[in-house]
Amino acid sequence: MARARLLFALSALVAASTTVAACSPSVSSSAPQDPFAAPIVPGQSARASAGSGGGHGTIDAPTPRSGSGTVTVALVGGAQLPTETAQEFTKATGFTVAVVPVDGVNAVAKADADVVLGLDGADALQASAAGTVADAAPQDTTTLAGTAVDGAPAAVAYGRDDVCVIADKSWMSANNRPLPTSFADLSSPRVRALLAVPDPASSSVGRAFVQEAASQTGEGLGTFVQSLSPRVDATLGAAIGAWTAGDRVSDAYLSEVVGSASGASGAYPLVVAPRSLAAAAATNTGADSFGTPVSSTCIARIMYAAATKAPASDGAESLIAWLQGETAQRSLATTGAAYPIDGVLAADTKASWLMGITGEAVVADETMGSLDAMNAWLATWSSALAAPAPAPTTEPTPEPTTEQQASPAADPAQDEAGATGDDAADSDDEE
């Protein structure tokens, strides 16, 4: 069965019938907390191979083609191609860019795009099996050592953006709620009803969360899901709109996320989203964020680009090649759109300050077995949510509304009917 190979050091957990095969290119050890500085050799632990790093710290990227015309880009599940990054591409090559956000890989075909950005390993396999992406990488692009996805030859790695639970740290502190310190904490009485999740059936981000839950809980996936009391939204954008810090997220980020609304916020201080959400919710200083990724809940996610046709158009080939170069890598890091595949280029950027990538992700970005296994996990998720475990008879404070919803209420005030931050704070004062 196909497996995605990782390019950074990870402490991998072994789920039933799955195996992690990982390796990494080397980069300079001068980059602090560089997830690419400690390559993993298949069959060895991260600790055993940590001393084998080193290297030049740059990518031997191909030279992108020059030309004219527009490259249409499908952005999957919160992936970004910021305006300033796209402008740099146009300046370097002459091609212009039009972006079409989609929430999940199933919607890529409808985008009629030349290139897809934001695929993870499982997405790449699914898209390849469905014929949504090409059956070969463009001839002038490079698949970096250790990043190839067996079964998806068109996938070319360009960055990393893990899926995590992102916490509104101000809300959690003001309402005396503990940040989760383990994945199991998501089902604890004072946390279990604070979580908003994009629907795993339609969102690649939601699917990655279920993939993570399956890896961490194994055969206990159904029991774990039953113990949650999440709000489930149809899209990532809708879930961000239910987040208590949703109104702090930049319009530039929201413009590339399906189902989002500028200035929207709700009653849920925990949201399943890419780490880049924390960079998009930066404070005025740009060096801090209203959100923080909860590291114990993260699934490491390499981001892949793929052409949709073979042979790829000149513009598609040019963009994929350009994304691996220093200018693009630095731009992605500076804007916080993705952690660069060349970790050295993350220094002194939003990606370094706010995304919290350390190489110690709890769950690796694996394909985690067959697509049939993924479908089975999604079925378990749905059936478990339909039959939740009984709520505790006594809870320390009221929780937000726990009714499962397909999308945010038309009136944001309805989202906060259960317990807003003020309500929870008042309740805590009465204890």
Side-chain angles (χ1 to χ4, degrees), residues 2 4-5 7 59-82 85-86 88-90 92-161 204 256 301-325 327-329 331-332 337-338 341 365 367:
R5 295 182 180 177
L7 100 101
I59 290 177
D60 185 17
T63 301
R65 297 184 181 187
S66 296
S68 61
T70 299
V71 184
T72 302
V73 181
L75 301 175
V76 179
Q80 300 168 70
L81 187 62
T85 306
E88 290 282 355
F89 170 65
T90 300
T93 69
F95 294 102
T96 57
V97 170
V99 299
V100 182
V102 297
D103 210 46
V105 70
N106 289 331
V108 169
K110 298 178 181 179
D112 193 25
D114 301 300
V115 178
V116 183
L117 299 186
L119 301 171
D120 62 15
D123 285 336
L125 278 179
Q126 184 177 343
S128 186
T132 305
V133 297
D135 57 6
Q139 62 180 12
D140 288 345
T141 61
T142 300
T143 300
L144 301 175
T147 68
V149 180
D150 294 338
V156 178
Y158 70 91
R160 177 176 162 184
D161 193 7
S204 288
E256 296 184 337
R301 194 172 61 142
I302 299 177
M303 307 290 280
Y304 292 92
T308 58
K309 304 176 182 67
S313 67
D314 286 351
E317 189 166 326
S318 180
L319 177 59
I320 295 172
W322 184 80
L323 283 171
Q324 293 184 302
T327 299
Q329 291 281 294
S331 181
L332 292 172
I341 210 78
D365 174 23
T367 57

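Position 1 is the first residue of the sequence, and the numbers go up from there. The structure presented is a predicted model; accordingly, all values stated were derived computationally and were not measured.
Considering only residues two or more places apart in sequence or on other chains, S331 meets the side chain to side chain donor-acceptor pair (under 3.5 Å) condition with T85. Under the side chain to side chain donor-acceptor pair (under 3.5 Å) criterion, D123 pairs with S204, R207, sequence neighbours left out. Under the side chain to side chain donor-acceptor pair (under 3.5 Å) criterion, T93 pairs with no residue at all, not counting sequence neighbours. Residues satisfying the side-chain contact (heavy atoms from CB on, under 4.5 Å) criterion with A310, sequence neighbours excluded, are A134, D135. Shown here are the side-chain contact (heavy atoms from CB on, under 4.5 Å) partners of T327, two or more places apart in sequence or in another chain: E88, W322. N106 is linked by a side-chain contact (heavy atoms from CB on, under 4.5 Å) to Q126, counting only residues two or more places apart in sequence or in another chain. Every residue two or more places apart in sequence or in another chain that forms a side-chain contact (heavy atoms from CB on, under 4.5 Å) with T90 is listed here: T96. Scanning for salt bridge (Lys or Arg N to Asp or Glu O under 4.0 Å) contacts around E256 gives an empty result, with sequence neighbours left out.
When all heavy atoms are compared, the tightest approach of Y304 to A155 is CD2-CB, 3.7 Å. Of all heavy-atom pairs between A109 and T132, the closest is N-CG2, 4.0 Å. Of all heavy-atom pairs spanning A312 and A316, the tightest one is CB-CB, 4.3 Å. Nearest approach of A86 to V97, heavy atoms of both residues: CB-CB, 4.3 Å. The two residues A305 and L323 have their closest heavy-atom pair at CB-CD1, 4.5 Å. Taking all atoms of both residues into account, the shortest heavy-atom contact from L117 to A79 is O-CB, 3.7 Å.
A donor-acceptor pair is defined here as one N or O able to donate and one able to accept, closer than 3.5 Å; such a pair exists between the side chain of Y158 and the backbone of G118. Here the side chain of Q329 pairs a donor or acceptor atom with the backbone of I341 at under 3.5 angstrom.
The only member of V100, L319, V116 that meets side chain to side chain contact (heavy atoms under 4.5 Å, CB included) when paired with V73 is L319.
Applying the salt bridge (Lys or Arg N to Asp or Glu O under 4.0 Å) test to residues at least two apart or on different chains, none of the pairs has a partner in residues 94-117. For residues 305-318, the pairs satisfying salt bridge (Lys or Arg N to Asp or Glu O under 4.0 Å) are R65-D314, R65-E317, with sequence neighbours left out.
Here CG of L81 is found 7.5 Å from CG of L332. Values are rounded to the nearest 0.5 Å. Atom CZ of R301 sits about 11.0 Å away from atom CZ of R160, to the nearest 0.5 Å.
No side-chain heavy atom of P138 sits less than 4.5 Å from a side-chain heavy atom of S318. Side-chain atoms of L119 and V149, non-hydrogen and from C-beta on, never get closer than 4.5 Å to each other.
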